[in-house]
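Note sheet for the following structure.
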Number of protein chains: 2
Amino acid sequence: MAIGDVECCECTEVHEDKVKLLSGQMPGEDELCDLAELFKVFGDSTRIRILFALFRSEICVCDLAELLQMTQSAVSHQLRILKQARLVKSRREGKQVYYFLADDHVRTIIDQGLDHIQE
Amino acid sequence: MAIGDVECCECTEVHEDKVKLLSGQMPGEDELCDLAELFKVFGDSTRIRILFALFRSEICVCDLAELLQMTQSAVSHQLRILKQARLVKSRREGKQVYYFLADDHVRTIIDQGLDHIQE
DNA sequence: TAAACATATGATTATTTGTTCATATGTATA
DNA sequence: TATACATATGAACAAATAATCATATGTTTA
(Lines give C-alpha, C1' and ligand atoms only; values in the text may rest on other atoms or scores of the structure.)
Protein backbone atom coordinates (compact mmCIF):
# COMPACT_ATOMS: atom_id res chain seq x y z
CA MET A 1 0.00 0.00 0.00
CA ALA A 2 1.26 3.44 -0.88
CA ILE A 3 2.21 5.91 1.81
CA GLY A 4 -0.63 8.31 2.31
CA ASP A 5 -3.33 5.70 2.03
CA VAL A 6 -4.78 6.08 5.46
CA GLU A 7 -6.94 3.00 5.55
CA CYS A 8 -5.36 -0.43 5.88
CA CYS A 9 -8.65 -2.08 5.21
CA GLU A 10 -12.27 -1.14 4.92
CA CYS A 11 -13.16 -1.18 8.58
CA THR A 12 -11.79 2.27 9.34
CA GLU A 13 -15.19 3.83 9.76
CA VAL A 14 -16.25 1.17 12.25
CA HIS A 15 -14.40 2.88 15.09
CA GLU A 16 -13.41 6.17 13.53
CA ASP A 17 -14.39 8.10 16.64
CA LYS A 18 -12.35 5.82 18.90
CA VAL A 19 -9.27 6.18 16.70
CA LYS A 20 -9.58 9.95 16.64
CA LEU A 21 -9.93 10.12 20.39
CA LEU A 22 -6.94 7.85 20.98
CA SER A 23 -4.91 9.73 18.44
CA GLY A 24 -5.21 12.88 20.53
CA GLN A 25 -4.18 11.05 23.69
CA MET A 26 -1.01 9.42 22.42
CA PRO A 27 2.28 10.67 23.90
CA GLY A 28 4.59 12.66 21.66
CA GLU A 29 7.08 11.04 19.33
CA ASP A 30 10.06 12.09 21.43
CA GLU A 31 8.66 10.62 24.60
CA LEU A 32 7.79 7.36 22.89
CA CYS A 33 11.26 7.02 21.43
CA ASP A 34 12.99 7.90 24.68
CA LEU A 35 10.93 5.28 26.43
CA ALA A 36 11.70 2.60 23.85
CA GLU A 37 15.40 3.50 24.02
CA LEU A 38 15.31 3.14 27.79
CA PHE A 39 13.76 -0.32 27.69
CA LYS A 40 16.15 -1.37 24.95
CA VAL A 41 18.88 -0.92 27.52
CA PHE A 42 17.17 -3.44 29.78
CA GLY A 43 16.73 -5.79 26.86
CA ASP A 44 20.14 -7.45 26.98
CA SER A 45 21.12 -10.16 29.41
CA THR A 46 24.65 -8.83 29.86
CA ARG A 47 23.34 -5.47 30.98
CA ILE A 48 20.70 -7.14 33.17
CA ARG A 49 23.47 -9.13 34.83
CA ILE A 50 25.45 -5.97 35.43
CA LEU A 51 22.44 -4.32 37.04
CA PHE A 52 21.83 -7.36 39.25
CA ALA A 53 25.42 -7.21 40.41
CA LEU A 54 25.02 -3.53 41.23
CA PHE A 55 21.94 -4.29 43.33
CA ARG A 56 24.33 -5.52 45.99
CA SER A 57 27.06 -2.92 45.89
CA GLU A 58 29.18 -0.77 43.68
CA ILE A 59 31.78 -2.70 41.76
CA CYS A 60 34.76 -1.94 39.57
CA VAL A 61 35.06 -2.84 35.91
CA CYS A 62 37.52 -5.67 36.17
CA ASP A 63 35.59 -7.33 38.99
CA LEU A 64 32.54 -7.15 36.78
CA ALA A 65 34.45 -8.75 33.94
CA GLU A 66 35.58 -11.50 36.27
CA LEU A 67 32.09 -12.00 37.69
CA LEU A 68 30.44 -12.15 34.27
CA GLN A 69 33.28 -14.07 32.65
CA MET A 70 33.55 -11.50 29.91
CA THR A 71 36.33 -9.36 28.50
CA GLN A 72 36.99 -5.99 30.06
CA SER A 73 36.21 -4.39 26.71
CA ALA A 74 32.78 -5.95 26.35
CA VAL A 75 31.85 -4.96 29.89
CA SER A 76 33.11 -1.44 29.38
CA HIS A 77 31.04 -1.02 26.23
CA GLN A 78 27.91 -2.12 28.06
CA LEU A 79 28.64 0.13 31.04
CA ARG A 80 28.83 3.02 28.64
CA ILE A 81 25.32 2.25 27.38
CA LEU A 82 24.00 1.94 30.94
CA LYS A 83 25.59 5.25 31.82
CA GLN A 84 24.19 7.04 28.79
CA ALA A 85 20.74 5.86 29.87
CA ARG A 86 21.49 7.32 33.32
CA LEU A 87 20.89 3.94 34.92
CA VAL A 88 24.35 3.80 36.48
CA LYS A 89 26.91 6.32 37.60
CA SER A 90 30.60 5.95 38.24
CA ARG A 91 33.36 7.28 40.44
CA ARG A 92 37.06 6.89 40.01
CA GLU A 93 39.26 5.66 42.86
CA GLY A 94 42.83 5.54 41.79
CA LYS A 95 43.25 3.39 38.74
CA GLN A 96 39.88 1.77 39.16
CA VAL A 97 36.43 3.04 38.25
CA TYR A 98 33.51 1.97 40.41
CA TYR A 99 30.02 1.77 38.97
CA PHE A 100 26.80 1.96 40.98
CA LEU A 101 23.06 2.27 40.39
CA ALA A 102 21.89 5.78 39.58
CA ASP A 103 18.52 5.55 41.29
CA ASP A 104 15.77 3.20 42.42
CA HIS A 105 13.83 3.07 39.17
CA VAL A 106 16.15 0.33 38.09
CA ARG A 107 15.12 -1.92 40.95
CA THR A 108 11.43 -1.21 40.49
CA ILE A 109 11.50 -1.87 36.77
CA ILE A 110 13.43 -5.10 37.14
CA ASP A 111 11.26 -6.24 40.04
CA GLN A 112 8.13 -5.70 37.96
CA GLY A 113 9.73 -7.61 35.12
CA LEU A 114 10.53 -10.48 37.47
CA ASP A 115 6.97 -10.44 38.75
CA HIS A 116 5.74 -10.75 35.22
CA ILE A 117 7.89 -13.63 34.07
CA GLN A 118 7.35 -15.54 37.29
CA GLU A 119 3.59 -15.51 37.00
CA MET B 1 42.03 -13.42 25.42
CA ALA B 2 41.36 -17.11 25.14
CA ILE B 3 38.24 -18.63 26.64
CA GLY B 4 39.09 -20.12 29.98
CA ASP B 5 41.42 -17.34 31.01
CA VAL B 6 39.52 -16.17 34.01
CA GLU B 7 41.30 -12.91 34.66
CA CYS B 8 40.71 -9.95 32.40
CA CYS B 9 43.44 -8.05 34.08
CA GLU B 10 45.64 -8.34 37.12
CA CYS B 11 43.29 -6.90 39.68
CA THR B 12 41.24 -10.02 40.21
CA GLU B 13 42.60 -10.64 43.65
CA VAL B 14 41.72 -7.14 44.79
CA HIS B 15 38.08 -8.06 45.37
CA GLU B 16 38.14 -11.79 44.95
CA ASP B 17 35.88 -12.33 47.94
CA LYS B 18 33.33 -9.86 46.67
CA VAL B 19 33.24 -11.49 43.27
CA LYS B 20 32.76 -14.92 44.79
CA LEU B 21 29.96 -13.70 47.00
CA LEU B 22 28.18 -11.97 44.14
CA SER B 23 28.67 -14.96 41.90
CA GLY B 24 26.61 -17.07 44.30
CA GLN B 25 23.84 -14.50 44.42
CA MET B 26 23.30 -13.99 40.71
CA PRO B 27 20.00 -15.23 39.26
CA GLY B 28 20.07 -18.26 37.00
CA GLU B 29 20.78 -18.06 33.30
CA ASP B 30 17.18 -18.84 32.35
CA GLU B 31 15.74 -16.13 34.54
CA LEU B 32 18.21 -13.56 33.23
CA CYS B 33 17.41 -14.40 29.62
CA ASP B 34 13.66 -14.39 30.19
CA LEU B 35 13.96 -11.00 31.81
CA ALA B 36 16.04 -9.58 28.98
CA GLU B 37 13.60 -11.02 26.44
CA LEU B 38 10.72 -9.37 28.25
CA PHE B 39 12.33 -5.93 28.23
CA LYS B 40 13.32 -6.36 24.59
CA VAL B 41 9.61 -6.39 23.87
CA PHE B 42 9.28 -2.95 25.48
CA GLY B 43 12.28 -1.74 23.54
CA ASP B 44 10.53 -0.78 20.34
CA SER B 45 8.52 2.38 19.81
CA THR B 46 5.88 0.66 17.72
CA ARG B 47 5.13 -1.80 20.49
CA ILE B 48 5.22 0.98 23.09
CA ARG B 49 2.67 2.88 21.05
CA ILE B 50 0.46 -0.19 20.87
CA LEU B 51 0.63 -0.59 24.64
CA PHE B 52 -0.20 3.08 25.18
CA ALA B 53 -3.25 2.69 22.96
CA LEU B 54 -4.34 -0.35 24.96
CA PHE B 55 -4.09 1.65 28.18
CA ARG B 56 -7.38 3.27 27.20
CA SER B 57 -9.32 0.35 25.88
CA GLU B 58 -9.22 -2.79 23.83
CA ILE B 59 -8.85 -2.16 20.14
CA CYS B 60 -8.98 -4.15 16.93
CA VAL B 61 -6.09 -4.66 14.57
CA CYS B 62 -7.21 -2.42 11.76
CA ASP B 63 -8.01 0.44 14.12
CA LEU B 64 -4.51 0.07 15.53
CA ALA B 65 -3.07 0.19 12.02
CA GLU B 66 -5.07 3.33 11.33
CA LEU B 67 -4.09 4.91 14.64
CA LEU B 68 -0.40 4.18 14.18
CA GLN B 69 -0.43 4.86 10.46
CA MET B 70 1.16 1.51 9.77
CA THR B 71 0.27 -1.45 7.60
CA GLN B 72 -1.96 -4.16 9.01
CA SER B 73 0.85 -6.65 8.52
CA ALA B 74 3.39 -4.70 10.53
CA VAL B 75 0.95 -4.21 13.38
CA SER B 76 -0.01 -7.86 13.34
CA HIS B 77 3.61 -8.95 13.55
CA GLN B 78 4.17 -6.75 16.58
CA LEU B 79 0.97 -7.90 18.26
CA ARG B 80 2.24 -11.43 17.92
CA ILE B 81 5.40 -10.51 19.79
CA LEU B 82 3.41 -8.75 22.53
CA LYS B 83 1.17 -11.77 22.84
CA GLN B 84 4.06 -14.22 23.06
CA ALA B 85 5.42 -12.14 25.93
CA ARG B 86 2.00 -12.41 27.57
CA LEU B 87 1.69 -8.64 27.67
CA VAL B 88 -1.53 -8.60 25.66
CA LYS B 89 -4.37 -11.01 25.04
CA SER B 90 -6.96 -11.11 22.31
CA ARG B 91 -10.52 -12.10 21.70
CA ARG B 92 -12.28 -12.56 18.39
CA GLU B 93 -15.56 -10.83 17.65
CA GLY B 94 -16.80 -11.75 14.22
CA LYS B 95 -14.19 -10.92 11.64
CA GLN B 96 -12.28 -8.67 13.96
CA VAL B 97 -9.81 -9.50 16.68
CA TYR B 98 -9.62 -7.24 19.70
CA TYR B 99 -6.42 -6.91 21.70
CA PHE B 100 -6.19 -5.80 25.32
CA LEU B 101 -3.61 -5.61 28.09
CA ALA B 102 -2.94 -8.91 29.84
CA ASP B 103 -2.30 -7.45 33.28
CA ASP B 104 -1.16 -4.41 35.22
CA HIS B 105 2.57 -5.07 35.11
CA VAL B 106 2.60 -3.35 31.77
CA ARG B 107 1.33 -0.10 33.24
CA THR B 108 3.70 -0.23 36.17
CA ILE B 109 6.73 -0.92 34.04
CA ILE B 110 5.91 1.83 31.56
CA ASP B 111 5.08 4.27 34.35
CA GLN B 112 8.45 3.64 35.98
CA GLY B 113 10.12 4.11 32.62
CA LEU B 114 8.34 7.42 32.15
CA ASP B 115 9.37 8.49 35.65
CA HIS B 116 12.95 7.77 34.75
CA ILE B 117 13.13 9.62 31.45
CA GLN B 118 11.24 12.60 32.82
CA GLU B 119 13.62 13.16 35.69
C1' DT C 1 -20.89 -21.93 -1.80
C1' DA C 2 -18.50 -17.98 -3.62
C1' DA C 3 -16.89 -13.52 -2.67
C1' DA C 4 -15.35 -9.98 0.43
C1' DC C 5 -13.29 -8.70 4.53
C1' DA C 6 -10.05 -9.01 8.74
C1' DT C 7 -6.15 -11.00 10.48
C1' DA C 8 -1.92 -14.00 10.52
C1' DT C 9 2.41 -15.49 8.77
C1' DG C 10 6.62 -16.98 5.94
C1' DA C 11 10.45 -15.03 3.28
C1' DT C 12 13.32 -11.21 2.20
C1' DT C 13 15.88 -7.05 3.07
C1' DA C 14 17.84 -3.19 5.49
C1' DT C 15 19.11 -1.71 9.91
C1' DT C 16 20.54 -2.24 14.50
C1' DT C 17 23.47 -4.13 17.86
C1' DG C 18 26.83 -7.01 20.94
C1' DT C 19 31.33 -8.77 20.91
C1' DT C 20 36.10 -8.79 19.51
C1' DC C 21 40.49 -6.81 18.43
C1' DA C 22 43.63 -3.20 18.53
C1' DT C 23 44.77 0.80 20.62
C1' DA C 24 44.17 5.17 23.18
C1' DT C 25 43.53 7.53 27.65
C1' DG C 26 44.14 8.04 32.46
C1' DT C 27 46.43 6.88 36.97
C1' DA C 28 49.90 5.17 40.14
C1' DT C 29 54.48 3.72 41.24
C1' DA C 30 59.33 2.47 40.77
C1' DT D 1 59.77 10.17 33.80
C1' DA D 2 59.24 5.53 32.19
C1' DT D 3 56.55 1.56 33.01
C1' DA D 4 52.66 -1.08 34.39
C1' DC D 5 47.97 -1.26 35.31
C1' DA D 6 42.81 -0.12 34.70
C1' DT D 7 39.53 1.59 31.77
C1' DA D 8 37.61 3.59 27.39
C1' DT D 9 36.80 3.57 22.56
C1' DG D 10 36.87 3.13 17.31
C1' DA D 11 36.42 -0.24 13.56
C1' DA D 12 34.87 -4.57 11.88
C1' DC D 13 31.99 -8.53 11.82
C1' DA D 14 28.25 -11.64 12.97
C1' DA D 15 23.70 -12.12 14.82
C1' DA D 16 19.17 -10.27 15.80
C1' DT D 17 15.19 -7.77 14.22
C1' DA D 18 11.40 -4.60 12.18
C1' DA D 19 9.05 -3.48 8.03
C1' DT D 20 7.52 -5.07 3.51
C1' DC D 21 5.45 -8.08 0.18
C1' DA D 22 2.91 -11.94 -1.03
C1' DT D 23 -0.15 -15.07 0.48
C1' DA D 24 -2.63 -18.13 3.74
C1' DT D 25 -6.28 -18.65 7.28
C1' DG D 26 -10.57 -17.59 9.35
C1' DT D 27 -15.21 -15.29 9.36
C1' DT D 28 -19.31 -13.27 7.46
C1' DT D 29 -22.75 -12.41 4.04
C1' DA D 30 -24.90 -12.39 -0.47
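Computed from a predicted structure; not experimentally measured. Quick note on labels: first sequence line is chain A, next is B, and so on, each numbered from 1.
Nearest-nucleotide positions on DNA chain C for B:Ser76 and A:Gln78 put B:Ser76 closer to the 5' end.
With hydrogens and angles ignored, a donor-acceptor pair closer than 3.5 Å exists between the side chain of B:Gln72 and the base of C:dA8. Residue B:Ser73 places a side-chain atom within donor-acceptor reach of the base of C:dT9, judged by atom type and a 3.5 Å distance cut-off alone.
Using a 4.0 Å heavy-atom distance criterion, A:Ile81 is classed as a sugar-phosphate-only contact.
Pairs passing the salt bridge (charged side-chain N to carboxylate O under 4.0 Å, His left out) check and including a residue from residues 77-90 of chain B, sequence neighbours excluded, do not occur. Residue pairs meeting the salt bridge (charged side-chain N to carboxylate O under 4.0 Å, His left out) criterion with at least one member in residues 105-119 of chain A, sequence neighbours excluded, are A:Asp104-A:Arg107.
Contact check, B:Tyr99 against C:dA8: a side-chain N or O comes under 4.0 Å of OP1 or OP2. Not one side-chain nitrogen or oxygen of B:Gln96 sits closer than 4.0 Å to the OP1 or OP2 atom of D:dT27. The side chain of B:Arg92 contributes no N or O atom lying less than 4.0 Å from OP1 or OP2 of D:dG26. For B:Tyr98, no side-chain nitrogen or oxygen approaches OP1 or OP2 of C:dA6 to under 4.0 Å.
One atom, CZ of A:Arg91, and another, C1' of C:dG26, lie 17 Å apart when rounded to the nearest Å. When the P atom of D:dA19 is taken as reference, atom CG of B:Leu68 falls 10 Å away, rounded to whole Å. For the pair B:Gln69 CD and D:dT20 P, the interatomic distance rounds to 12 Å; values are reported in whole Å. Straight-line distance from the CG atom of A:Leu79 to the C1' atom of D:dA6: 13 Å, rounded to whole Å. Following rounding to the nearest Å, A:Asp63 (CG) and D:dA6 (P) show an atom-to-atom distance of 10 Å. Counting to the nearest Å, the C1' atom of C:dA6 and the NZ atom of B:Lys95 are 7 Å from each other. If you measure from atom CZ of A:Arg80 to atom C1' of C:dT19, you get 15 Å, rounded to the nearest angstrom.
Connection of A:Val41 to A:Phe55 is established within a shared hydrophobic cluster, with ILVMFWY side chains joined at heavy-atom distances below 4.5 Å, either directly or through further cluster members.
Within residues 31-58 of chain A, the residues approached by DNA chain C to less than 4.0 Å at the level of any non-hydrogen atom are A:Lys40, A:Asp44, A:Thr46, A:Arg47, in residue-number order.
Dense packing is recorded around CD of A:Gln118, with more than 12 heavy atoms of other residues, nucleotides or ligands lying under 6.0 Å away.
The backbone N or O of B:Ile59 sits nowhere less than 3.5 Å from a side-chain atom of A:His15 that would complete a donor-acceptor pair. With hydrogens and angles disregarded, no donor-acceptor distance shorter than 3.5 Å links the side chain of B:Arg47 to the backbone of B:Arg49.
Of the candidates C:dA8, D:dA19, D:dT7, C:dA8 carries the atom nearest the B:Val61 side chain, counting heavy atoms from C-beta on. Minimum atom distance to the side chain of A:Thr71 is reached by C:dT20, of the listed C:dT20, D:dT28, C:dA28. Comparing atom distances between the A:Met70 side chain and each of C:dT27, C:dT19, C:dA6 picks out C:dT19 as nearest. Considering only side-chain atoms of B:Ala74, the nucleotide from C:dA8, D:dA8, D:dA19 that sits closest is D:dA19.
Using cut-offs of 30° and 60° on the angle between ring planes, the pair A:Phe42 and B:Phe39 is tilted.
When all heavy atoms of B:Leu35 and A:Gly113 are compared, the pair lying nearest together is CD1-C, 3.5 Å.
Stacking of the aromatic ring of B:His77 onto the base of C:dT9 is found: the ring centres lie under 5.5 Å apart and the planes are inclined by under 30°.
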